[in-house]
Amino acid sequence: MKLILLGAPGAGKGTVAKLLTALDGSVQISTGDILRGAVQAKSELGLEAEGYMTRGDLVPDSLIMGIMEKRLQEPDCAKGFLLDGFPRTIPQAEELTQLLTRLDIKLDMVVEIDVPRDILLDRLCTRRTCENPKCQSIYNITSNPPKVVGICDKCGARIVQREDETEMAITHRLETYNEKTAPLVGFYREKGLLVSVPATSSDDVIKAIKAKLNL
Ligand code: AMP
């Protein structure tokens, strides 16, 4: 399947993407994971992106488009992909439309995961992430803690609170979402691609996607 997952930070895009990959081998492409990996590796991309990310600002569209143009042409995307955290602005969405046309790729749909703000805030404040850039598994200290406190169940690395998950940065990220990313809902509705799922559980989102795709 070829999907875009839209939704505010904390809506569960990453969790839904991981569950969907198990259905048909489509790959999850998370621009946030790619950028965090680059920051840890101290690569040129990471050094450019770090300041924006720590503040909870979006990194410039040109950096993101460079990453995505390469990533979408890697062989593992042939089976399908789940775009998680991209596009995040109207210019990114417009460039993505052109890129997909050039690569002769057709999207199945764009899924908006719509979660109330109080739930988003609570999830983000209690979310913890594995610091291993190759793993980046997500936990929640109240609803989904690791078996051993502070240690990732999957790879044994430390789990940490992301620098952009302080209360101030979270508030800013949600404002940025409303201002820059929420307009994509209208953009994709006009193209007839939007499916909006008002949901607080990933299972509900998966059910809705499977129903739409007849899986
Ligand atoms: P995420 O893990 O998707 O919440 O992304 C974490 C941070 O990475 C965001 O707050 C942005 O600073 C940056 N980021 C991720 N994806 C994008 C994107 N498509 N455009 C701009 N910045 C992005």
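Both ligands and their constituent atoms are indexed starting at 1 by order of listing.
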| request: Please confirm whether the backbone N or O of Asp33 pairs with a side-chain atom of Gln136, one donor and one acceptor, at under 3.5 Å? | output: yes

| message | Taking Met1's backbone N and O only, do any of them form a donor-acceptor pair with Ser26's side chain (distance below 3.5 Å, no angle check)? | response | yes

| query | Given Thr31, Val59, Thr176, which has its nearest heavy atom closest to atom 21 (C) of ligand 1? | reply | Val59

| query | Is a donor on one side and an acceptor on the other found under 3.5 Å between the side chain of Arg71 and the backbone of Ile29? | reply | no

| Ignoring hydrogens and geometry, is there a side-chain-to-backbone donor-acceptor pair from Gln161 to Glu165 under 3.5 Å? | yes

| query | Quick one: does ligand 1 sit under 4.0 Å from the side chain of Lys13, the backbone, both or neither, non-hydrogen atoms only? | reply | neither

| If we only count N/O pairs under 3.5 Å, is Gly85 in contact with ligand 1? | yes

| task | Can you sort out which atoms of ligand 1 are near Gln92, meaning under 4.0 Å from one of its heavy atoms? | result | 18 (C), 19 (N), 20 (N), 21 (C)

| For ligand 1, which atoms, with element, lie under 4.0 Å from some heavy atom of Asp57? | 11 (C), 12 (O)

| Are Arg55 and Tyr52 in a cation-pi contact, defined as NZ or CZ under 6.0 Å from the six-membered ring centre and within 45° of the axis? | yes

| remark: In terms of its nearest heavy atom to atom 9 (C) of ligand 1, the top option of Met53, Arg173, Arg88 is Arg88

| field | Winner among Thr54, Ile64, Ile34, Leu35 once heavy atoms are compared against atom 14 (N) of ligand 1 | value | Leu35

| said: Just to check, does Arg162 reach to within less than 4.0 Å of ligand 1 when the distance is taken from its heavy atoms? | reply: yes

| message | Within the structure, is a non-hydrogen atom of Arg36 found at a distance of less than 4.0 Å from ligand 1? | response | yes

| query | Just by modelled atom types, is the Arg36 backbone N or O under 3.5 Å from a matching donor or acceptor in the Gln40 side chain? | reply | no

| Do Asp108 side-chain atoms and Lys2 backbone N/O form a donor-acceptor pair below 3.5 Å? | yes

